Every structure is written in C-alpha cells, then in structure tokens.
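Just below is one structure, and these are the notes that go with it.
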Amino acid sequence: MPDIPAATPRARVRVPLRFADGYRAEAELVTFHGLTDGQEHLALVLGDPGPVPLVRLHSECLTGDVFGSARCDCGPQLREAVERIAGRGGVLLYLRQEGRGIGLYNKLDAYALQDEGLDTYAANAALGLPEDARDYTAAAQMLAALGVTELDLLSNNPDKAGQLRALGIAVRDRVPTGVFPTAHNVHYLRTKVLQTQHTLPLTELTELTELTELTAG
C-alpha cells in the first residue's frame, strides 16, 4: 500500500435512518482521527459486511441530498446506495466534497454559468477551478481503518476505482448505480459520459437531451 498515514476510528454510534419514501435502515456511523485532508468525513456501516463488502464513495451534495435538487442525481443515488448496501452488507463513505471538491458557493456559481450554456466541467474551468478536484486518499484511509482491503465499488465513475486501486485498495468489481434522469439533469448526465467515461447509457441520455431541448424550445 502507498505510504499514507494510518487513520483510526474515533467514535461509533448507531443511527436509525428514515427516507422520504418511507424506507428505513439502521446504520453505524463511524468518525475518524488522522484523515489527511482534515475533513469530517463519515462512514456508514450498513447490514452485515462480509470479506468483500459493497462500498460507495458518495460525495456530499447539499442541494441534491438535502433539498432534492433535480439538477443532479445525487439524492436518488444516495437513497439507492443505502438500500443496496444494507441488503448485502457494506459501507457508504459520505465524503465532504461538495461540488466535486470545489465547495458549495463555487458549485452554485458554476450552476449560474451552466444556465448560460456551459456544461458542468466547462463551468468549473471558466471559474478557474478543476473539473474534478476530488482526492480519495481519506477514503482509502477510512476503509483501511475499518479493515476493508478488498471491495466491490458501487459507482459509475471509473476515477474512483482507479484512485482506490492506486492507494492500495483492491476493487474486485465496479457495480453500476441506477440512472435517475430528469428534465433538469439529463444534459449533466450525458456530459459525465462524454467527459469522464461514466458508465451510463449514452444513447438513451442523448435521446432524452434532444427531447428536452425540443420541449424547451
């Protein structure tokens, strides 16, 4: 494993989860000492994790996770991930990486540029910010602290698997998440396929994008 500092569990607490659609789950929330980026990331241990648990790295999205924004698919992905991980046994890492690591205010500034016609990555670049500033070193530390050295990764994003492998975590399989298009996020989803090779159905998203543009026009 690369020479990165070890993190240690700080505290564990049981929390009952309840979602707007009525789904409920029990989670053990784990906090950590020694994370390299100094952020207050959380691990949610769900179900009964086996030797190769199902794991999701979920980047915090206040607008999507809390307020139900239709401009992204973060809220539905979080809801789906909790149920799938609880059913099989595994860990959801809730990472404080708002806006692909650029922060909430910058993300909203990027939204304003998207309203003017830029895509999600071009908007970040126009603000002088990285297209994706996320680093998953802390995630690898958290997994190692929980004793997870091999996993199946619940993600459409190949960069997450690539970074974890480079950090010494064995990713046996990358399990795709569901697809949650809306009239407001379909262009965003299509851009993720074209720009960063997310495993999403490009043909379907292209057709939905064209339909949305025709309807708007």
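All of these numbers come straight from a predicted model, not from anything done at the bench.
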With the 4.5 Å side-chain cut-off for hydrophobic clustering, are [X] and [Y] part of the same group?
X      : Y      : value
Val91  : Leu35  : yes
Ile85  : Val30  : no
Ile102 : Leu62  : no
Val171 : Leu93  : yes
Phe67  : Leu104 : yes

For the [atom1] atom of [X] and the [atom2] atom of [Y], what is their distance to the nearest 0.5 Å?
X      : Y      : atom1 : atom2 : result
Leu57  : Asp159 : CG    : CG    : 10.0 Å
Thr149 : Leu146 : OG1   : CG    : 11.5 Å
Glu150 : Arg172 : CD    : CZ    : 6.0 Å
Leu44  : His58  : CG    : NE2   : 10.5 Å

Please tell me if the side chains of [X] and [Y] come closer than 4.5 Å, counting only heavy atoms from C-beta onward.
X      : Y      : value
Leu92  : Leu154 : no
Phe32  : Gln141 : no
Cys61  : Lys107 : yes
Thr31  : Leu42  : yes
Val82  : Leu17  : yes
Arg56  : Thr177 : yes
Asp132 : Asn124 : no
Asp37  : Thr137 : no

Give the minimum heavy-atom separation between [X] and [Y], together with the two atoms involved.
X      : Y      : result
Ala138 : Thr36  : N-OG1, 4.2 Å
Pro176 : Arg84  : O-NH1, 3.2 Å
Ala139 : Leu95  : CB-CD1, 4.3 Å
Asp65  : Ser59  : OD2-O, 4.2 Å
Leu127 : Ala110 : CD1-N, 3.7 Å
Tyr136 : Leu167 : O-CD1, 3.4 Å

| Can Ser155 and Asn157 be counted as having a side-chain donor-acceptor contact under 3.5 angstrom? |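 No donor-acceptor contact under 3.5 Å links the two side chains.
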
| message | If only side-chain N and O atoms count, and only distance matters, is there a donor-acceptor pair under 3.5 Å linking Thr120 with Arg100? | response |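 Their side chains do contain a donor-acceptor pair, which is all the 3.5 Å distance test asks for.
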
| Stepwise, does the side chain to side chain contact (heavy atoms under 4.5 Å, CB included) test hold for Leu143 with Leu164? | CA-CA 10 Å; Leu143 292 167; Leu164 285 181; 4.2 Å; yes

| said: Check this for me: does any side-chain nitrogen of one of Asp115 and Arg71 sit under 4.0 Å from a carboxylate oxygen of the other? | reply: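 So Asp115 pairs with Arg71 through a salt bridge.
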
| said: Using a strict threshold of under 4.0 Å (side-chain N to carboxylate O), is an ion pair present between Asp152 and Arg88? | reply: yes

| task | Return yes when atom CZ of Arg18 has more than 12 non-hydrogen atoms of other residues, nucleotides or ligands closer than 6.0 Å, and no otherwise. | result | no

| task | Show your reasoning for whether side chain to side chain contact (heavy atoms under 4.5 Å, CB included) applies to Tyr94 and Leu78. | result | CA-CA 9 Å; Tyr94 196 82; Leu78 177 62; 4.3 Å; yes

| request: Determine yes or no for a side-chain-to-main-chain donor-acceptor pair under 3.5 angstrom, with Glu80 supplying the side chain and Gly178 the backbone. | output: yes

| message | What verdict does the side chain to side chain donor-acceptor pair (under 3.5 Å) test give for Gln163 and Arg134, after you've listed the backbone C-alpha separation in whole Å, the side-chain angles of each residue and the deciding distance to 0.1 Å? | response | CA-CA 10 Å; Gln163 284 202 42; Arg134 291 174 293 182; over 6 Å; no

| query | Can you name the one residue among Gln39, His41, Arg96, Gln97 that meets side chain to side chain contact (heavy atoms under 4.5 Å, CB included) with Glu60? | reply | Arg96

| Full working for side chain to side chain contact (heavy atoms under 4.5 Å, CB included) between Val52 and Asp173 | CA-CA 10 Å; Val52 185; Asp173 190 21; over 6 Å; no

